Amino acid sequence: MSAGDRLANSRSYEVEEVRVRLAELKVYLKERSSNPTIDGHKRAATILESAFFDPAVRSASAHFCLRVNAPASQWVSGLYEASSDISYYVCQLEAHIAEYKH
């Protein structure tokens with residue numbers, strides 16, 4: 001998202017590098033949403049994977065509707081929902097860890 005702000009009016013090689021990363025992220029989320037374990041191995045998910053990783057990846061994958069060839073000026077709005085999904089579950093996981101430590 002920050003690259004989209006920075007590169008919104010750019011035609012530099014950096015735009016293409018970020019597009020490649022966007023495409024890889026989209027594939028990663030799709031793969032992990034069908035096999036939601038952190039390591040990607042087909043096995044039963046752990047309790048933490050089921051509670052945090054799986055729903056974050058599934059939601060982010062479902063909301064990743066940005067076309068990878070979209071202009072950089074659209075990256076922020078196109079990634080907002082997927083980013084929010086992941087951020088929500090990261091915050092929940094951090095709260096869970098903090099609670100567990102006490």
Side-chain angles (χ1 to χ4, degrees):
M1 289 173 63
S2 63
D5 279 342
R6 186 171 45 82
L7 300 171
N9 297 314
S10 177
R11 296 198 181 277
S12 73
Y13 67 92
E14 287 181 277
V15 173
E16 286 310 311
E17 289 178 354
V18 177
R19 277 187 215 280
V20 169
R21 290 177 53 204
L22 283 172
E24 290 170 350
L25 176 60
K26 196 169 194 173
V27 168
Y28 174 84
L29 290 172
K30 186 172 182 151
E31 287 173 354
R32 287 301 190 270
S33 68
S34 65
N35 184 22
T37 59
I38 291 172
D39 59 11
H41 293 120
K42 294 207 184 257
R43 59 171 171 75
T46 66
I47 293 170
L48 291 177
E49 286 172 331
S50 294
F52 301 103
F53 185 77
D54 178 27
V57 168
R58 285 182 192 271
S59 295
S61 181
H63 291 130
F64 196 122
C65 53
L66 177 71
R67 293 181 344 260
V68 294
N69 63 347
S73 61
Q74 294 178 8
W75 293 352
V76 172
S77 60
L79 294 171
Y80 181 78
E81 281 190 72
S83 173
S84 295
D85 293 331
I86 292 170
S87 294
Y88 172 79
Y89 285 101
V90 166
C91 288
Q92 296 298 311
L93 178 58
E94 288 171 342
H96 177 76
I97 290 170
E99 186 179 306
Y100 182 75
K101 286 183 176 180
H102 289 53

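Note that the structure is a prediction, hence the values are computed from the model and not measured.
For the atom pair CZ of F53 and OG of S33, the computed distance is 9.5 Å after rounding to the nearest 0.5 Å. Here CZ of R67 is found 12.0 Å from CG of L22. Values are rounded to the nearest 0.5 Å. Rounding to the nearest 0.5 Å gives a distance of 10.0 Å between OG1 of T46 and CG of D54. I86 CD1 to F64 CZ: the interatomic distance, rounded to the nearest 0.5 Å, is 9.0 Å. Distance OG/S61 to CG/L25: 9.5 Å, rounded to 0.5 Å. Rounded to the nearest 0.5 angstrom, T37 OG1 and R32 CZ are separated by 6.0 Å.
V57 is connected to L66 through a chain of hydrophobic side-chain contacts under 4.5 Å among Ile, Leu, Val, Met, Phe, Trp and Tyr, so both are in one cluster. Both W75 and Y28 belong to a common hydrophobic cluster when Ile, Leu, Val, Met, Phe, Trp and Tyr are linked at side-chain heavy-atom distances under 4.5 angstrom. Taken together through direct or relayed side-chain contacts under 4.5 Å among Ile, Leu, Val, Met, Phe, Trp and Tyr, Y88 and L29 form parts of separate hydrophobic clusters.
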Extract all donor-acceptor atom pairs below 3.5 Å that involve side chains of residues 90-97 and protein atoms in other chains or at least two apart in sequence.
none

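Among all heavy-atom pairs drawn from Y89 and S59, the shortest one is CE1-OG, 4.5 Å. Minimum interatomic distance between S50 and P55 (heavy atoms only, all atoms of both residues): O-CD, 3.3 Å.
Remark: the backbone N or O of L79 is not paired with any side-chain donor or acceptor of S83 at under 3.5 angstrom.
Remark: R21 does not engage E24 in a salt bridge, criterion side-chain N to carboxylate O under 4.0 Å.
For R43, the side chain to side chain donor-acceptor pair (under 3.5 Å) criterion is met by D39, E49, not counting sequence neighbours.
In this structure, I47 shares a hydrophobic cluster with no other residue, the cluster being traced through Ile, Leu, Val, Met, Phe, Trp and Tyr side chains under 4.5 angstrom apart.
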